[in-house]
Amino acid sequence: MKLIAGVDIGNSTTEVCIGDMQADGSIRFVSGASRMTTGTKGTPANVGGICAALEEAMDKVQRPVSDIHLVCLNEAAPVIGDTAMETITETIITESSMIGHNPSTPAGAGQAVGELIFLEHLGEGIKGQPYIVAAAAAHTYEEIAGQLNAHHGRLDIRGLILQADEAVLVENRLVFEIPIVDEVRHIRNIPEGKQAAIEVALPGQTVRMLSNPYGIATLLKLTPQETRSVTPIAKNLIGKRSAVVIKTPHGNIRENILPAGEIYLHGDREAMVNIDAGADKIMAALEGAGLIRDISGQADTNVGNMLSRIKTGMAEVSEEALDAVRITDILAVDTMAPVQISGSLAGETCMEKAVGIAAMVKTKQLPMERIARRLQRELMVNVKVAGVEAVMASLGALTTPGTQLPVAVLDMGGGSTDAALIECDGTVRTTHQAGAGELVTLLIQTELGLKSRISAEQIKKYPMAKVESLFHMRLENGQMQFFQESIDPRYFGHVVLLTPGELLKIEEDIPMEKIYNVRRDAKRKVFVRNALRALREVAPDHELKAISNVVLVGGSAEDFEVPEMLMEELSEYRIVCGRGNIRSSEGPRNAVATGLVLSYLGGK
């Protein structure tokens, strides 16, 4: 047996295919494996993942790795995703702030206006003066309710702000009704003695007065100029269940536009575009610049710092000089990002426009040659860099039953989207473009405000349901699923992900409909847009209608909804599109690794 190993290093996974070179010159595929990529794609840190994948694949045929005659590596270009903010407006409030959030247990309902006073100072309150009371978590709910009831006959208490999550517990012990807002983290920052307006909406509704500039003006008796200045506050309170706005006569509220910066495109033609223009203008400028040599950003701006950070990070992991690192492609998509509001008392954020960017980074030296040399030293086997990723994916894709030349192959991985078109005469056109699964994960995490990147990755990969009782759940497509045995009570009332064999609870309190819309929108922005961009690049005369067949390969082709999105989009151009089935058994995975083995046969 002469065993040939093809190794595909991707941003997320490293895949291996083992082929046996037969005496008649044919190849028999005998094994395969997949492991998580170690380190950044295209750097020496990948060797650990390669060794683990090779060992797993050889274990399946009960042979040592040393029996491999040749290891063929793909030429891998690293892709890094990051986010640059566009037109961020930060609401700056000096001396005081607003509170507008969705605590799980506000109590009471309605609006109230009064002077702020801390619970421990109620004894100093003046009869006839309306008050909004603030109570820190150091006070128990029984103590708070007792104090309010004791002063109820003497003082005009209109509302209550709590630091602890105890609004309902306090309300149940009060002898009078008032709106109560709880879970206010920085309650000691509240300026005592200032006028404040408080509102709690009825169950299932949102605040109406404090999400309206004129409503705030009505409650706090503002001038037209003051009403104009509270517009950012009102905008942030839209959709909230409870809210507080504090009036500070000496304070000032203003919107501060942070510089997003300009992108400089160095290609066949020099071009410049401001990131404020949005993703469409950025991508149009990229196309107009022709073949890109490098991309940089304006100094001391969001995008300039982001692109500089990407280059510095790649220089560190590749051990290259900074001036040897170039960004040769970007994918920009419009998104929304939560921005922390200065002076907030409950950790409030405001959703603002942003641009998500995936960047393709290259160095002057071929990083794969260094990996090959190191791998050869560690394994004591022959290693060589065998071919361009897109071409290898095309060779592997042709093992899918029902394919024939000419055929276009779309390889959608974690960091990049590669496309290749193979003509009947063997001519191949390829493109390697930034942006794929990692950018989708980034967009989901950013738009939903998730703390965990793992949660965003899981949301991207699996469909959802809402557990509405212990015996049924509502799926994201509207269908109901019933169970004979009860569902684990810890899932009740929560959105869950339907992973194979178990349910995964989404910890954040986000409506299923919002998660669904954000997930699908992110996939359209990245996968669909980048697929069309890549296919146009390789199509004859850049006309999509000149392509007749497209085979989808790569990890993202296994997604439960992306292939259908692409089929729907490409059907308008009368293109036959579907998932590949590499070697009739691997599905859309292992295309590049399989192509690397086949390239050895072609070379022979």
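Counting begins at 1 with the first residue of the sequence. Quantities reported herein were computed from a predicted structural model and do not represent experimental measurements.
In this structure, H542 contributes its side chain and R536 its backbone to a donor-acceptor pair below 3.5 Å. Here the side chain of D559 pairs a donor or acceptor atom with the backbone of V562 at under 3.5 angstrom. For the pair T427 (side chain) and E423 (backbone), a donor-acceptor distance under 3.5 Å is absent. No donor-acceptor distance shorter than 3.5 angstrom exists from the side chain of D541 to the backbone of E543, with no hydrogens or angles considered. A donor-acceptor contact shorter than 3.5 Å is absent between the side chain of T400 and the backbone of T403. Checked by atom type and distance alone, the side chain of S31 pairs as donor or acceptor with a backbone atom of A57 at under 3.5 Å. Panel note: side chain E447, backbone V518; no donor-acceptor pair is recorded below 3.5 Å. At least one donor-acceptor pair closer than 3.5 Å links the side chain of T499 to the backbone N or O of E502.
Applying the 6.0 Å contact sphere to CD of E508 captures more than 12 heavy atoms from other residues, nucleotides or ligands. The 12-atom threshold is exceeded at CD of E561, counting heavy atoms of other residues, nucleotides or ligands nearer than 6.0 Å. When the shell of 6.0 Å around CD1 of I454 is examined, it contains 12 or fewer heavy atoms from other residues, nucleotides or ligands. Summarising the local packing, CG of D425 is surrounded by more than 12 heavy atoms from other residues, nucleotides or ligands at distances under 6.0 Å. Atom NZ of K60 is surrounded by more than 12 heavy atoms from other residues, nucleotides or ligands within 6.0 Å.
With a 4.5 Å cut-off on side-chain heavy atoms, L498 and M464 do not count as touching. For the pair D8 and N590, the minimum side-chain heavy-atom distance is 4.5 Å or more. Annotation: side chain of Y573 is in contact with side chain of L544 (closest heavy-atom distance under 4.5 Å). In this structure, the side chains of H69 and L3 stay at 4.5 Å or more apart for every pair of heavy atoms. Using a 4.5 Å heavy-atom threshold, the side chains of L375 and N46 count as separate. Two residues are said to be in side-chain contact when any heavy atoms from C-beta on lie closer than 4.5 Å; V361 and I310 meet this criterion. K311 places a side-chain heavy atom less than 4.5 Å from the side chain of I327. Inter-residue side-chain proximity for V553 and M412 is flagged as unmet; no heavy-atom pair is nearer than 4.5 Å.
Taking both residues in full, the closest heavy atoms of L439 and G356 are given as CD1-C, 4.3 Å, listed atom of the first, atom of the second, then distance. V551 and A397 make their closest contact through CG1-CB, 4.1 Å (heavy atoms, listed as atom of the first residue, atom of the second, distance). When every heavy atom of A436 is checked against every heavy atom of S416, the shortest pair comes out as CB-O, 3.5 Å. Smallest separation of non-hydrogen atoms from P401 and N581: CD-O, 3.7 Å. Between A332 and V355 the shortest heavy-atom distance is CB-CG1, 3.9 Å. N11 approaches G414 most closely through the heavy-atom pair CB-C, 4.1 Å.
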* Asked: Does the pair E15 and S34 meet the rule for a side chain to side chain donor-acceptor pair (under 3.5 Å), with working shown?
  -> CA-CA 4 Å; E15 297 177 350; S34 177; 4.5 Å; no
* Asked: How far apart are the C-alpha atoms of E438 and S12, what are their side-chain angles, what is the distance that settles it, and do they pass the side chain to side chain donor-acceptor pair (under 3.5 Å) test?
  -> CA-CA 8 Å; E438 289 293 322; S12 304; 3.3 Å; yes
* Under the salt bridge (charged side-chain N to carboxylate O under 4.0 Å, His left out) criterion, do R453 and E457 qualify, and how do the steps go? -> CA-CA 6 Å; R453 191 173 182 85; E457 182 72 18; over 6 Å; no
* To do: Quick one: do T441 and K460 satisfy side chain to side chain donor-acceptor pair (under 3.5 Å)? Show the steps, please.
  => CA-CA 7 Å; T441 302; K460 178 183 74 175; 3.0 Å; yes
* Would you please test I357 and V303 for side-chain contact (heavy atoms from CB on, under 4.5 Å) and show each step? => CA-CA 9 Å; I357 290 181; V303 71; 4.3 Å; yes
* **T417 and H432: CA distance, side-chain angles, deciding distance, side-chain contact (heavy atoms from CB on, under 4.5 Å) verdict** => CA-CA 6 Å; T417 299; H432 189 55; over 6 Å; no
* Mind running side-chain contact (heavy atoms from CB on, under 4.5 Å) on K514 and L448 for me, showing each step along the way? => CA-CA 8 Å; K514 180 177 181 180; L448 294 179; 4.2 Å; yes
* Asked: When you look at V428 and L421, which way does the side-chain contact (heavy atoms from CB on, under 4.5 Å) test go after all the steps?
  -> CA-CA 6 Å; V428 182; L421 179 69; over 6 Å; no
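For the residue pair R370 and T43, no side-chain donor N or O sits within less than 3.5 Å of a side-chain acceptor on the partner. In the model, T594 has a side-chain atom that pairs as donor or acceptor with a side-chain atom of R583 under 3.5 Å. Residues T37 and T14 have side chains that bring a donor and an acceptor to within less than 3.5 angstrom of each other. Side-chain N/O atoms of T301 and E262 include no donor and acceptor closer than 3.5 Å.
Residues meeting the side-chain contact (heavy atoms from CB on, under 4.5 Å) test with R533, sequence neighbours left out: M283, L286, D329, L331, Q433, N530.
Note that the CD1 atom of I263 and the NZ atom of K281 stand 13.5 Å from one another [nearest 0.5 Å]. Atom CD1 of I506 and atom CD1 of I459 lie 4.0 Å apart (nearest 0.5 Å). The line from NE2 of H266 to CG of L291 is 14.0 Å long, rounded to the nearest 0.5 Å. Rounding to the nearest 0.5 Å gives a distance of 15.0 Å between CD1 of I9 and CZ of R35. Taking CG of D20 as the start and CD1 of I4 as the end, the distance is 9.0 Å to the nearest 0.5 Å. With rounding to the nearest 0.5 angstrom, the CD1 atom of I515 is 7.5 Å from the CG atom of L450.
Looking at T430, V592, D418 one by one, the single match for side chain to side chain contact (heavy atoms under 4.5 Å, CB included) with M392 turns out to be V592. Checked against D521 for a side chain to side chain donor-acceptor pair (under 3.5 Å), the options K523, K525, R524 give a single hit: K525. Applying the side chain to side chain contact (heavy atoms under 4.5 Å, CB included) test between E476 and each of R520, E513, M512 identifies M512 as the sole match. When E586, E558, E564 are each tested for a salt bridge (charged side-chain N to carboxylate O under 4.0 Å, His left out) with R579, only one passes: E564. Only one option out of V597, V7, I50, L596 pairs with V16 in a side chain to side chain contact (heavy atoms under 4.5 Å, CB included); it is V7.
Taking the charged nitrogens against the carboxylate oxygens, E270 and R293 do have a contact shorter than 4.0 Å, which makes a salt bridge.
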